[in-house]
Student: 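The structure follows.
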Amino acid sequence: MNDDVRKYIYGALMVFLIGVSAWIGFLFLNACGFSLTCRRGVPTVDRTPIPSLIPATMPAMQSGGGEAVAMTDQCRVAATDLLGAWVSAGSSEKEPFQFTDVNGKVCESTFEEVQPLFVEANLWSSGLACVSCHSVDVAVSPAQLDLSSYAGMIAGSRRENAESKKGTDILGSGNWKGSLLYEFISTSKADVPGHTVAVSDLLIFAGTPLPMPEATATPMPTITPTP
Ligand code: HEC
């Protein structure tokens with residue numbers, strides 16, 4: 001009789017313990033999405049149903065069109081090299097000058113393509129146009145330098161007033177690498193606002209290619225007509 005009661009009590013206890021461990025096991029697996037491989041305590045990554053990369057739907061660019069051909073025909077040159085070519089050729093306002101582009105093409109350009117380099121914003125690394133500081137008003141312009149016009153550039157820096165046509169030559173009398181302009185473009189000057197970062201090797205499209213000179217073209221066999 002005593003034994004029977006003990007059996008019942010033990011039996012009930014066993015059933016209870018098995019039930020409890022099964023329940024804890026279930027909760028554990030449930031929290032791990034019914035897998036044994038999850039590491040709990042690691043925050044789950046929030047994922048939105050919207051993919052962050054939108055698949056491109058634009059049509060592929062067509063090659064062989066008139067525009068594309070014109071593009072490949074243009075010359076590509078570092079802005080500083082274009083400036084250098086202009087200065088080395090005598091910095092004329094109207095006369096064309098030649099330069100060699102990054103692909104070795106011989107090209108021709110004029111001051112018209114040089115001027116925007118000083119006027120356009122967000123072109124050089126500082127983001128500011130040169131003329132936003134070196135503007136037409138010599139009285140307020142840093143270094144009394146006006147880069148807004150051809151006349152201003154030729155007149156140079158450290159001018160006494162707007163009438164004075166003779167300041168410090170910033171074009172190095174045609175010696176590009178020795179010019180103030182080259183120095184202030186190619187080197188960073190920590191203490192000069194607007195010049196804290198040297199101008200990077202910005203590539204631009206400029207100029208038109210010249211026909212290849214005879215010497216580099218493959219010589220064609222000449223046929224002498226018999227008289
Ligand atoms: C944030 C204003 C600012 C911008 C933008 C700026 N400069 Fe300057 N620049 C200065 C200051 C300031 C000086 C030094 C003035 C001084 O030493 O009295 C200077 C000096 C110069 C000088 C030397 C002149 C001399 O006689 O010492 C040249 C050349 C020059 N800048 C060219 C440029 C060119 C080219 C750009 C555009 C790529 C440009 N600057 C953009 C402010 C600026």
Side-chain angles (χ1 to χ4, degrees), residues 70-71 73-210:
M71 285 280 284
D73 232 35
Q74 265 186 311
C75 302
R76 203 152 160 68
V77 63
T80 43
D81 289 345
L82 185 74
L83 276 177
W86 172 68
V87 169
S88 304
S91 48
S92 161
E93 186 175 10
K94 296 270 184 281
E95 285 294 306
F97 61 94
Q98 293 185 3
F99 63 92
T100 312
D101 90 337
V102 288
N103 300 315
K105 271 189 284 191
V106 179
C107 307
E108 195 174 71
S109 180
T110 60
F111 177 67
E112 247 177 70
E113 286 185 299
V114 171
Q115 171 105 70
L117 298 176
F118 301 102
V119 180
E120 260 172 45
N122 296 317
L123 194 63
W124 305 106
S125 27
S126 82
L128 283 172
C130 308
V131 293
S132 56
C133 291
H134 301 289
S135 67
V136 71
D137 190 352
V138 167
V140 296
S141 179
Q144 293 76 50
L145 173 63
D146 169 21
L147 290 176
S148 69
S149 67
Y150 179 76
M153 293 189 59
I154 295 301
S157 61
R158 319 276 166 199
R159 286 156 67 196
E160 270 164 36
N161 51 50
E163 279 72 50
S164 105
K165 298 263 177 287
K166 263 197 232 121
T168 310
D169 181 11
I170 60 161
L171 303 177
S173 317
N175 173 14
W176 172 236
K177 290 274 159 97
S179 68
L180 267 174
L181 185 58
Y182 178 75
E183 185 194 328
F184 271 75
I185 279 181
S186 61
T187 50
S188 58
K189 315 232 169 239
D191 51 343
V192 185
H195 293 276
T196 48
V197 183
V199 161
S200 56
D201 35 327
L202 164 80
L203 278 182
I204 55 168
F205 284 110
T208 44
L210 290 176

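Only this structure's heavy atoms are used, side chains among them; waters, hydrogens and symmetry mates stay out. Atoms within each ligand, like the ligands themselves, are counted from 1 in listed order.
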Student: Is atom CD of Glu160 surrounded by more than 12 heavy atoms (other residues, nucleotides or ligands) closer than 6.0 Å?
Tutor: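 Not buried by this count: 12 neighbours or fewer within 6.0 Å.
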Student: Is Glu112 salt-bridged to Lys94, cutoff N-O under 4.0 Å?
Tutor: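 Between Lys94 and Glu112 there is no salt bridge, as every charged N stays at least 4.0 Å from the carboxylate O atoms.
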Student: Distances for all N or O pairs of ligand 1 and the protein under 3.5 Å?
Tutor:
{"residue": "ligand 1", "atom": "7 (N)", "partner": "His134", "partner atom": "NE2", "Å": "2.7"}
{"residue": "ligand 1", "atom": "7 (N)", "partner": "His195", "partner atom": "NE2", "Å": "2.7"}
{"residue": "ligand 1", "atom": "9 (N)", "partner": "His134", "partner atom": "NE2", "Å": "2.8"}
{"residue": "ligand 1", "atom": "9 (N)", "partner": "His195", "partner atom": "NE2", "Å": "2.8"}
{"residue": "ligand 1", "atom": "17 (O)", "partner": "Arg158", "partner atom": "NH2", "Å": "3.2"}
{"residue": "ligand 1", "atom": "18 (O)", "partner": "Arg158", "partner atom": "NH1", "Å": "3.1"}
{"residue": "ligand 1", "atom": "26 (O)", "partner": "Ser157", "partner atom": "OG", "Å": "2.5"}
{"residue": "ligand 1", "atom": "26 (O)", "partner": "Arg158", "partner atom": "NE", "Å": "3.3"}
{"residue": "ligand 1", "atom": "27 (O)", "partner": "Arg158", "partner atom": "NH2", "Å": "2.8"}
{"residue": "ligand 1", "atom": "31 (N)", "partner": "His134", "partner atom": "NE2", "Å": "2.8"}
{"residue": "ligand 1", "atom": "31 (N)", "partner": "His195", "partner atom": "NE2", "Å": "2.8"}
{"residue": "ligand 1", "atom": "40 (N)", "partner": "His134", "partner atom": "NE2", "Å": "2.8"}
{"residue": "ligand 1", "atom": "40 (N)", "partner": "His195", "partner atom": "NE2", "Å": "2.8"}

Student: Can you see which heavy atom on Ser92 is nearest to which on Phe111, and at what distance?
Tutor: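 Reported closest heavy-atom pair: O-CB, 3.6 Å.
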Student: Nearest 0.5 Å please: distance from the CD atom of Glu183 over to the CH2 atom of Trp176.
Tutor: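 Glu183 CD to Trp176 CH2: 11.0 Å, rounded to 0.5 Å.
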Student: Among residues two or more places apart or on two chains, list those pairs meeting disulfide (SG to SG under 2.5 Å) that have a residue in residues 132-190.
Tutor: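 Qualifying pairs: none.
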Student: Just verifying a value: how many Å separate Leu83 CG and Ser88 OG, rounded to the nearest 0.5 Å?
Tutor: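 Rounded to the nearest 0.5 Å, the CG-OG separation comes to 10.0 Å.
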